[in-house]
There are 2 protein chains.
Amino acid sequence: MHRDTRQRRAIRRALEEAGHPLSPQELLDLAQEEVRTLGIATVYRNIRALQDDGWLETVELPGEPPRYEVAGKGHHHHFHCRDCDRVFEVEGCPGNIQAITPDGFKLERHEFVLYGLCDTCTPS
Amino acid sequence: MHRDTRQRRAIRRALEEAGHPLSPQELLDLAQEEVRTLGIATVYRNIRALQDDGWLETVELPGEPPRYEVAGKGHHHHFHCRDCDRVFEVEGCPGNIQAITPDGFKLERHEFVLYGLCDTCTPS
DNA sequence: GGGTTCTTGATTATCTTTTCCCAAGAAGGC
DNA sequence: GCCTTCTTGGGAAAAGATAATCAAGAACCC
């Protein structure tokens with residue numbers, strides 16, 4: 001059903017090579033290195049198509065428009081650098097989440113977001 | 001400088017009585033119980049005014065427009081009920097956050113969001 | 001109580017993100 | 001290579017949240 005176009009290949013490649021969640025605009029910028037004429041509408045269309053295929057997952061951070069990352073990575077969280085505005089993956093998970101859940105509440109999932117400076121932006 | 005109007009009193013009261021973060025629309029609905037003619041523009045204006053006064057703090061959750069809560073509550077997190085869409089405060093904090101921060105990254109703050117059903121929405 | 005200045009309410013405008021529209025172009029099957 | 005169908009690009013438009021405008025109304029000071 002879905003055709004294999006230059007644009008879609010460029011979009012997938014950009015997401016794979018980035019290795020961290022990208023905003024639609026970031027995705028456009030990166031994929032345009034491969035396909036100069038790529039338009040933002042095509043990026044949005046392919047984000048939806050790749051989501052429908054289960055290839056792409058949405059990463060929502062507080063106060064930010066959505067970013068997207070390759071699906072199937074297993075449980076992880078994110079680190080948002082306040083200087084370069086990029087989002088990185090964080091392995092692991094702080095324990096004992098059920099312990100702080102209020103009585104009578106049913107905990108189904110959780111998100112954890114770290115903020116600060118990434119290794120590139122930290123003054124040494 | 002700021003005057004003590006019926007509208008501002010109603011807005012402050014709604015936030016204090018709710019005891020959890022409110023969206024501008026929720027705030028409008030609640031404050032309108034006291035001042036029927038209250039308009040949404042006044043809500044937004046007073047949110048800004050109360051923020052400037054340091055009386056109000058912004059609560060940002062992933063993929064959601066901002067909510068607001070009374071400032072000065074000390075460190076806490078939030079629980080978002082997927083059924084009633086309300087946001088509750090969560091005391092405490094899972095430990096060992098520094099441990100999962102990647103090497104070379106400087107951790108400055110963190111947010112933690114729980115999802116599920118609140119006590120009212122949990123089937124007993 | 002009067003006057004100045006701030007605030008309000010309603011509407012309109014703005015901003016940002018995302019989607020729609022449609023003619024032109026490209027993929028894939030045969 | 002041809003034909004059908006899907007995809008693209010670009011501009012226009014939708015959608016949602018927030019801010020600006022301005023005349024009318026309310027607070028506060030004296």
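By convention in this document, chain letters (A, B, ...) are assigned in the order of the sequence lines, proteins followed by strands, and residues within each chain are numbered from 1.
The number of heavy atoms from other shown groups lying within 6.0 Å of CZ (A:Arg13) does not exceed 12.
Separating the CG atom of B:Leu28 from the C1' atom of C:dA10 is a distance of 13 Å, rounded to the nearest angstrom. Atom CG of A:Asp52 is separated from atom P of C:dT19 by 11 Å (rounded to the nearest Å). A:Arg3 has its CZ atom 13 Å from the P atom of D:dT4, to the nearest Å. When rounded to the nearest whole Å, the span between CD1 of A:Ile47 and P of D:dT8 equals 12 Å. Across the protein-nucleic acid pair, A:His2 atom NE2 and D:dC6 atom P stand 10 Å apart, rounded to whole Å. Per the geometry, CG belonging to A:Asp53 stands 15 Å off P belonging to D:dC6, to the nearest Å. For the pair A:Gln7 CD and D:dC6 P, the computed distance is 17 Å after rounding to whole Å. Between the CZ atom of B:Arg8 and the P atom of C:dG9 there is a distance of 11 Å, rounded to whole Å.
Of the listed nucleotides (D:dA20, C:dG28, D:dG9), D:dG9 has the atom at the smallest distance from the side chain of A:Arg45. Side-chain proximity of A:Asp4 to the nucleotides C:dG9, C:dG28, D:dG9 is greatest for C:dG28.
Comparing B:Arg9 and B:Arg48 by the nucleotide of DNA chain D whose heavy atom lies nearest to each, the residue mapping closer to the 5' end is B:Arg48.
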Quiz item: Reading nucleotides 11-18 of chain C from the 5' end, what letters show protein touch, with B for base, S for backbone sugar-phosphate only, - for no heavy atom under 4.0 Å?
Solution: ------SB

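Salt bridge annotation for A:Arg67-A:Glu69: absent, with no cationic side-chain nitrogen under 4.0 angstrom from a carboxylate oxygen. A salt bridge links A:Asp4 with A:Arg12: the closest approach of a Lys/Arg side-chain nitrogen to an acidic carboxylate oxygen falls below 4.0 angstrom.
In this structure, B:Asn46 does not reach the C:dT7 phosphate: none of its side-chain N or O atoms is under 4.0 Å from OP1 or OP2. Between D:dC6 and A:Thr5, no contact under 4.0 Å exists linking OP1 or OP2 to a side-chain N or O.
The main-chain N or O of A:Leu38 is never found under 3.5 Å from a side-chain atom of A:Thr42 such that the two would form a donor-acceptor pair. B:His76 places a side-chain N or O within donor-acceptor distance of the main-chain N or O of B:Gly74, the cut-off being under 3.5 Å.
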Quiz item: Step by step, would you call A:Phe79 with A:Tyr115 a ring pair (Phe, Tyr, Trp, His ring centres under 6.0 Å)?
Solution: CA-CA 6 Å; A:Phe79 186 107; A:Tyr115 297 92; 8.0 Å; no

Quiz item: What's the verdict on ring pair (Phe, Tyr, Trp, His ring centres under 6.0 Å) for A:His110 and A:His75, showing C-alpha distance, side-chain angles and the deciding distance?
Solution: CA-CA 10 Å; A:His110 66 276; A:His75 186 68; 4.9 Å; yes

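Residues B:Asp52 and B:His2 have side chains that never bring a donor and an acceptor to within less than 3.5 angstrom of each other. Using modelled atom types and a 3.5 Å distance limit, the side chains of A:Thr5 and A:Arg8 yield no donor-acceptor pair.
Each end of the helix from C:dG1-D:dC30 to C:dC30-D:dG1 yields a helix axis from five base pairs, and these two axes differ in direction by 40° (to the nearest 10 degrees).
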